[in-house]
Amino acid sequence: MTTATAEAKSNIALIKYWGKRDTRLNLPSTGSLSMTLSSLGTRTTVTLDGALESDELVLNGTPATEDALSRMSRFLDRVRRVGGFRERVRVETDNNFPTRSGLASSASGFAALSLAVTHAAGMDDDPDRLAGLARLGSGSAPRSLLGGLVELQPGVAPDGSDCLPRQLVAPGDWDVRLLVAMNTPDEKEVGSSDGMERTRRSSPLYEGWLRGNRVDLEVALKAVRDRDFHTLGRVTEASCFRMHAAAMGADPPIFYWNPVTLATVRLVRDLRESGVAGYVTIDAGPHVKVLCRPGDVRTLVEAIRGIKGIRQVIEERPGPGAELINASASGPASAG
Ligand code: 2P0
């Protein structure tokens, strides 16, 4: 048996990924730009066990649903093929935030799992290969492998070999904050993969979203290079609203917002008019994340906490990339 534990933080896209150019290889149609978080994340322990007949998944101390297990097992089958091993895998994973609620649990989950399982299987630690594997699990997972601000290019290669994450700013090199305003512990109704596929197939706004994204990403990359906070904030909001507009244009339409989401958006806009610079982004769930600078954190947090329906506001800063916590072996993983 060999075991390894890895930790990965969640990431939030400022320039969103929404739609795939290849669904089998999970390749994005658009580039994206994200911030890896400092506290919300996943810790995963993987054990390769020759005595197991099937993969096992324990999520936050409870055996996972059939759906979650089969998604993970399909992913592990691909890792087994690449890594040339046969053992079934026991996976124990803990998220320190609600799963499937639009807080990027699949990004941190598949980043941590990829790192842990490749290590437990004794595969080489080539970062590009690791990113490729993580992407097969979840399109946003390669971004969680790196810390700070990260770009993920869609690439053009049919095999996805040029779809790789790149660190733009290391944690600590630009002190921006992201306030995560949680308003419900409920799971989202439409998962990201289904939502983006439905948008691609049925929303007449999808083409416009793709065109807008290319421009938004260029603007955002320059803003990051120039450390131009306001331009980054404005384009962050634009990317978010364009993504959601494209999703709302799908058939049937996809709404991730609830009334508290909209109340939070309006509050942040009103505060901005009075000189408090926060910019919102929203993922495939109802929570609002607010990009801001350190000096505006207190005012924003106090104001957001005053909104009826807000349960918790978590302050995040650019955080670390995925890390191996420990690994041990009681015999080599057999090559298959
Ligand atoms: C993002 N999201 O860029 C976008 C914005 C949600 C909204 O990436 O199908 O779980 O596994 O590639 O990575 C969430 O989608 O979807 C996501 P798959 P994933 O963060």
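Treat the numbers as computed from the prediction; the structure is a model and nothing was measured. Indexing begins at 1, ligand by ligand and atom by atom, following the structure's order.
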| said: Can you tell me which portion of R143 lies within the under-4.0 Å heavy-atom range of ligand 1? Options are side chain, backbone, both, or neither. | reply: side chain
| task | Give a yes-or-no answer on whether the side chains of N258 and T261 include a donor-acceptor pair shorter than 3.5 Å. | result | yes
| query | Below 4.0 angstrom, N of the basic side chain to O of the carboxylate: do R80 and D77 qualify? | reply | yes
| Under 4.0 Å to a heavy atom of S140 - the qualifying atoms of ligand 1, by number | 8 (O), 13 (O), 19 (P)
| field | D159-S161 side chain donor-acceptor pair, cut-off 3.5 Å | value | yes
| Below 3.5 angstrom, do we get any N/O pair linking N11 and ligand 1? | no
| Which atoms of ligand 1 sit under 4.0 Å from any heavy atom of M243? | 5 (C), 7 (C)
| Polar-atom distance check: A284 versus ligand 1, any N or O pair below 3.5 Å? | no
| task | Could you verify whether a donor N or O on one side chain and an acceptor N or O on the other, from S10 and S108, lie under 3.5 Å apart? | result | no
| query | Going by heavy atoms, is R71 under 4.0 Å from ligand 1? | reply | yes
| request: May I ask you to check if ligand 1 and S106 share an N or O to N or O distance below 3.5 Å? | output: yes
| message | Quick check on contacts: which atoms of ligand 1 are under 4.0 angstrom from a heavy atom of M196? | response | 15 (O), 16 (O)
| message | I want to check something: taking the side chain as every heavy atom from C-beta on, are D216 and K16 in contact at a cut-off of under 4.5 Å? | response | no
| request: Give the atoms of ligand 1, by number and element, whose distance to some non-hydrogen atom of K20 is under 4.0 Å. | output: 9 (O), 12 (O), 18 (P)
| A13 neighbourhood, listing ligand 1 atoms whose heavy-atom distance to it stays under 4.0 Å | 1 (C), 3 (O), 20 (O)
| message | I need the atoms of ligand 1 closer than 4.0 Å to a non-hydrogen atom of K16, numbered in the order shown. | response | 3 (O), 5 (C)
| Got a sec, which hydrophobics cluster with L164, joining ILVMFWY side chains under 4.5 Å apart, including via others? | none
| message | Does the residue R135 have a heavy-atom contact with ligand 1, meaning some pair of atoms that are separated by less than 4.0 Å? | response | no
| said: Taking distance alone, with N or O pairs closer than 3.5 Å, would you say S193 contacts ligand 1? | reply: yes
| Considering residues, nucleotides and ligands other than R78, do more than 12 of their heavy atoms fall under 6.0 Å from its CZ? | yes
| Side-chain donor/acceptor of R177 to backbone N/O of G295, under 3.5 Å | no
| query | Do any heavy atoms of E197 fall under 4.0 Å from ligand 1? | reply | no
| query | Have N95 and T42 got a donor and an acceptor in their side chains that come within less than 3.5 Å? | reply | yes
